[in-house]
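Read the numbers this way: they start at 1 and go in the same order the structure lists the ligands and their atoms. No experiment lies behind these values; they were computed from the predicted model shown.
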Amino acid sequence: MKIFVAGSTGVIGRSLLPKLVKAGHEVIGMTRNAEQLQVIEALGAKAIVADAFDREGIIEAIGEIKPDAVMHQLTSLSNWSSADNARIRMEGTRNLVDAAKQAGVKKIIAQSISWAYEPGEQPATEEVPLDIQAAAPRKTTIDGIVALEEAAAELPDHVILRYGTLYGPHTWYDSKGAMADKTRNHELPATDGITSFLHVEDAANAALLALDWPSGTLNIVDDEPASGTEWLPVYAEALHAPGPEFQSGSNDWERGASNAKARKYGWVPQYPTWRSGFAQSLK
Ligand SMILES: NC(=O)c1ccc[n+]([C@@H]2O[C@H](COP(=O)([O-])OP(=O)(O)OC[C@H]3O[C@@H](n4cnc5c(N)ncnc54)[C@H](OP(=O)(O)O)[C@@H]3O)[C@@H](O)[C@H]2O)c1
């Protein structure tokens with residue numbers, strides 16, 4: 001298959017490109033930054049410079065390439081701005097989907113998140129509605145997710161991957177990442193809020209497999225949703241950092257997510273739980 005990867009230089013993209021190439025696909029990676037062209041090519045893909053906010057540019061690029069599938073791994077998280085990230089989810093996805101439609105592309109795999117569900121006691125399955133009643137500032141994230149998922153679903157074949165909180169190389173939880181710094185500086189309290197984690201390699205693997213999955217929405221998370229009081233001491237220990245302070249309470253939407261559907265589809269995480277995964281990825 002000829003596959004166009006938007007977000008090819010991000011944490012997931014960098015892991016995904018070699019997997020797609022190894023599986024025999026022709027891969028074209030997109031970046032805004034000419035300096036990244038060689039990085040993409042070194043991963044075995046062709047590379048183009050384009051900006052997701054440049055609507056005409058994206059339409060032209062995808063129109064020339066005419067891929068069989070578009071991978072949407074665009075985020076704008078490097079500067080921690082949920083507004084920037086919502087903008088790329090709304091405008092970036094709109095432009096990408098319109099460009100795909102005009103080029104006759106039928107298939108899209110899109111990156112979403114698994115913590116956008118309504119509040120509840122249990123880890124959320126895909127049937128739980130998104131938290132569209134959320135108040136600001138969470139509303140910004142939810143609005144972005146709703147727009148992204150609705151736009152992606154306009155293509156006849158669409159798989160939406162609702163990823164857990166990423167850890168592993170180059171993520172915020174890497175030894176040089178922001179969460180590691182906060183943990184070492186004792187700035188991150190261990191709360192009762194539940195998180196579902198996901199190793200970046202497992203995220204990329206799901207995107208590869210999703211090329212053969214039917215249209216739909218899947219949580220891609222590890223097997224063990226856990227409260228901060230459980231996972232943060234394990235993460236701190238893996239970092240050789242001091243143990244966290246405990247703070248009771250949580251946001252009502254911090255419920256984690258179930259991976260039962262993805263496992264039924266044949267996705268098997270290499271890192272089934274953060275309990276061993278943190279130490280393995282911080283070696
Ligand atoms: N589920 C999760 O928990 C999750 C998911 C994703 C990221 N994160 C966190 O966020 C941190 C930053 O993520 P990241 O390193 O992937 O970087 P990022 O800054 O979020 O960028 C991700 C990708 O989107 C592309 N992109 C962004 N804006 C674009 C635009 N206007 N036009 C075209 N492409 C655009 C970037 O390409 P260029 O910059 O090359 O143009 C890059 O390939 C990570 O360390 C990770 O921990 C978490």
Where's the contact between [X] and ligand 1, heavy-atom distance under 4.0 Å: side chain, backbone, both or neither?
{"X": "Ala203", "value": "neither"}
{"X": "Ser76", "value": "backbone"}
{"X": "Ser8", "value": "backbone"}

Nearest protein heavy-atom contact for [atom]: which residue, which atom, what distance?
{"atom": "atom 27 (C) of ligand 1", "value": "Thr75 O, 3.0 Å"}
{"atom": "atom 36 (C) of ligand 1", "value": "Thr9 OG1, 3.7 Å"}
{"atom": "atom 16 (O) of ligand 1", "value": "Val11 N, 2.9 Å"}
{"atom": "atom 34 (N) of ligand 1", "value": "Leu74 CD2, 3.3 Å"}
{"atom": "atom 19 (O) of ligand 1", "value": "Ser78 OG, 2.6 Å"}

Quick test of your reading of the model: are [X] and [Y] salt-bridged, counting only N-O distances below 4.0 Å?
{"X": "Asp98", "Y": "Arg55", "answer": "yes"}
{"X": "Arg94", "Y": "Glu154", "answer": "yes"}
{"X": "Asp181", "Y": "Arg184", "answer": "yes"}
{"X": "Arg275", "Y": "Glu224", "answer": "yes"}

Please determine if Arg32 has a nitrogen or oxygen closer than 3.5 Å to a nitrogen or oxygen of ligand 1.
->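 In this structure, Arg32 places an N or O atom under 3.5 Å from an N or O of ligand 1.
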
ILVMFWY network linking Leu209 to Ile220, side-chain heavy atoms under 4.5 angstrom = yes

Which heavy-atom pair separates Ala226 from Trp274 by the least distance, and what is that distance?
-> CB-CZ2, 3.3 Å

Among Ile88, Ile40, Asn95, whose heavy atom sits nearest atom 28 (N) of ligand 1?
-> Ile88

The one among Asp51, Thr171, Ile220 that brings a heavy atom closest to atom 46 (C) of ligand 1 =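 Heavy atom nearest to atom 46 (C) of ligand 1 belongs to Thr171.
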
Sole residue of Leu37, Ile62, Ile65 in side chain to side chain contact (heavy atoms under 4.5 Å, CB included) with Ile48 | Ile65

Numbered atoms of ligand 1 (with element) below 4.0 Å of Met30, judged on heavy atoms =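 Near Met30, the atoms of ligand 1 are 33 (C).
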
Can you say whether the rings of Tyr173 and Phe197 are parallel (under 30°), tilted (30 to 60°) or perpendicular (over 60°)?
->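 If you compare the ring of Tyr173 with that of Phe197, the planes turn out perpendicular.
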
Identify whether NZ of Lys or CZ of Arg in Lys182 sits under 6.0 Å from the centre of the six-membered ring of Trp80 and within 45° of that ring's axis.
-> yes

Could you tell me whether ligand 1 has any atom less than 4.0 Å away from a heavy atom of [X]?
{"X": "Gly13", "result": "no"}
{"X": "Trp80", "result": "no"}
{"X": "Ala178", "result": "no"}
{"X": "Gly92", "result": "no"}

Inter- and intrachain pairs under salt bridge (charged side-chain N to carboxylate O under 4.0 Å, His left out), touching residues 255-272, at least two apart =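 As it turns out, the salt bridge (charged side-chain N to carboxylate O under 4.0 Å, His left out) pairs with a partner in residues 255-272, which skip direct neighbours, are Asp223-Arg263.
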
